[in-house]
Amino acid sequence: LADQKAIAKKGDTWSLITFDHTTAVVHKAEYIDKVPELNHSTYTIGGTTALLDAVAEGIEVALPAWEKKDRILLVVMTDGEENSSKKVSLDTLKSRIAEKEKSGAWTIVYIGAGIDAFGTAKMYSANASALNSMSYAPTGLDTIKAWNTVSASTASYRGSAVRSSANFFSTEPKKAMEPEKNKEPK
């Protein structure tokens, strides 16, 4: 988050939705420079996986920015597969995602710890790209590498004029995976 704050433009916002058996909106379109750093007390994992509900909630949270013609980057990160959503069905979510992707202003990225992120992405989107998904081993070092990759790719995307990307991880991931970059996530 610190890396993204360092390159933020005035008005950039950030949202965080956490999920286990339910979803919780922790930050909703807050100015990125006002969002507290993530740590073990502000960002924890646990429980089952209401993945469909969480992605649907992320779309809803981002709608006001989209309606203002902003581009949207929705990063979906999970360490499990859907097993407890109650608010939205797979077909409904696929329809919502298709509508957003068709607009040309949404980039949806899937990241999976110990799961097939590309397989998950293909379940939700017919337009899913292997370059918009990333799987990694759920170890401390690989988690750091993954977050560095996400941060570098996000910075590259934010610095571009591209409205929507089908190759989110194609521009900077090699730099983030280098050993000297394996520092604690910011």
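The nearest pair of heavy atoms linking Ile72 to Ala65 is CD1-CB, 3.8 Å. The two residues Ala117 and Ser135 have their closest heavy-atom pair at N-OG, 2.8 Å. Heavy-atom minimum distance, Ala56 versus Val88: CB-CG1, 3.8 Å.
With hydrogens and angles disregarded, a donor-acceptor distance shorter than 3.5 Å links the side chain of Asn132 to the backbone of Ser165. Between the Glu82 side chain and the Ser85 main chain, a donor and an acceptor come within less than 3.5 Å of each other. Judged purely by atom type and a 3.5 angstrom limit, Ser15 uses its side chain to pair as donor or acceptor with the backbone of Ala29. Counting only distance, with no hydrogens or angles, the side chain of Ser160 and the backbone of Tyr157 share a donor-acceptor pair below 3.5 Å. Under the 3.5 Å distance criterion, the side-chain polar atoms of Ser95 are left unmatched by any main-chain donor or acceptor of Asp91. A donor-acceptor contact shorter than 3.5 Å is absent between the side chain of Ser156 and the backbone of Ala152. A donor-acceptor pair under 3.5 Å is absent between the side-chain atoms of Asn167 and the main chain of Leu131, judged by distance alone. The backbone N or O of Phe19 sits nowhere less than 3.5 Å from a side-chain atom of Thr23 that would complete a donor-acceptor pair.
Side chains of Asp3 and Ser151: a donor on one and an acceptor on the other come within 3.5 Å.
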- For Ser125 and Lys94, run side chain to side chain contact (heavy atoms under 4.5 Å, CB included): C-alpha distance rounded to whole Å, both residues' side-chain angles, the deciding distance at 0.1 Å, then the answer. CA-CA 6 Å; Ser125 170; Lys94 285 171 80 169; over 6 Å; no
- Task: Give the C-alpha distance, both sets of side-chain angles, the deciding distance and a yes or no for side chain to side chain contact (heavy atoms under 4.5 Å, CB included) between Glu37 and Lys5.
- Result: CA-CA 10 Å; Glu37 289 301 314; Lys5 287 180 177 184; 3.1 Å; yes
- Message: Ile144 vs Asn148, test: side chain to side chain contact (heavy atoms under 4.5 Å, CB included). Steps then yes/no.
- Response: CA-CA 6 Å; Ile144 291 168; Asn148 286 334; 3.6 Å; yes
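In this structure the side chain of Leu51 reaches within 4.5 angstrom of the side chain of Val55, judged on heavy atoms. Counting heavy atoms from C-beta on, the side chains of Asn83 and His21 never come closer than 4.5 Å. The side-chain heavy atoms of Lys28 and Trp14, taken from C-beta on, include no pair separated by under 4.5 Å. No side-chain heavy atom of Lys100 sits less than 4.5 Å from a side-chain heavy atom of Leu74. Inter-residue side-chain proximity for Leu16 and Leu38 is flagged as met; some heavy-atom pair is nearer than 4.5 Å. Inter-residue side-chain proximity for Ser164 and Arg71 is flagged as unmet; no heavy-atom pair is nearer than 4.5 Å. Ile59 has its side chain within reach of Ile97: a pair of non-hydrogen atoms, C-beta onward, lies under 4.5 Å apart. No side-chain heavy atom of Ile115 sits less than 4.5 Å from a side-chain heavy atom of Tyr136.
For residues 52-106, every residue pair satisfying the ring-ring contact (aromatic ring centres under 6.0 Å, His included) rule, not counting sequence neighbours, is listed here: Trp66-Trp106.
For Arg158, the side chain to side chain donor-acceptor pair (under 3.5 Å) criterion is met by Gln4, Asp12, not counting sequence neighbours. The side chain to side chain donor-acceptor pair (under 3.5 Å) check on Glu30 picks up His27, with sequence neighbours excluded. Applying the side chain to side chain donor-acceptor pair (under 3.5 Å) criterion to Thr22, with sequence neighbours excluded, gives no partner residue.
For the atom pair Leu93 CG and Met123 CE, the distance stands at 9.5 Å (nearest 0.5 Å). The NZ atom of Lys10 sits 10.5 Å away from atom CG of Asp33, with the distance rounded to the nearest 0.5 Å. From Ser133, atom OG reaches atom CD1 of Ile111 across 9.5 Å, with rounding to the nearest 0.5 Å.
If you chain together hydrophobic residues whose side chains sit under 4.5 Å apart, Phe118 and Val150 never meet in one group. Connection of Leu73 to Val76 is not established within any shared hydrophobic cluster, with ILVMFWY side chains joined at heavy-atom distances below 4.5 Å, either directly or through further cluster members. In this structure, Val75 is a member of the same hydrophobic cluster as Phe169, with clusters built from ILVMFWY side-chain heavy atoms closer than 4.5 Å. Transitive grouping of hydrophobic side chains (ILVMFWY, heavy atoms separated by less than 4.5 Å) keeps Leu1 and Tyr31 in distinct clusters. Cluster membership for Val35 and Trp147, using ILVMFWY side-chain heavy atoms within less than 4.5 angstrom, is shared.
A side chain to side chain donor-acceptor pair (under 3.5 Å) with Ser84 holds for exactly one of Asp53, Thr49, Thr48, Asp20; it is Thr48. Applying the side-chain contact (heavy atoms from CB on, under 4.5 Å) test between Phe168 and each of Thr154, Ile108, Val162 identifies Thr154 as the sole match.
Think of Val61 as one node in a network of Ile, Leu, Val, Met, Phe, Trp and Tyr side chains linked at under 4.5 Å; its network also takes in Ile17, Val25. Members clustered with Ile7: none, using a 4.5 Å side-chain heavy-atom cutoff among hydrophobic residues.
At least one cation-pi condition fails for Arg96 and Tyr124: the charged atom is not both under 6.0 angstrom from the six-membered ring centre and inside a 45 degree cone around its axis.
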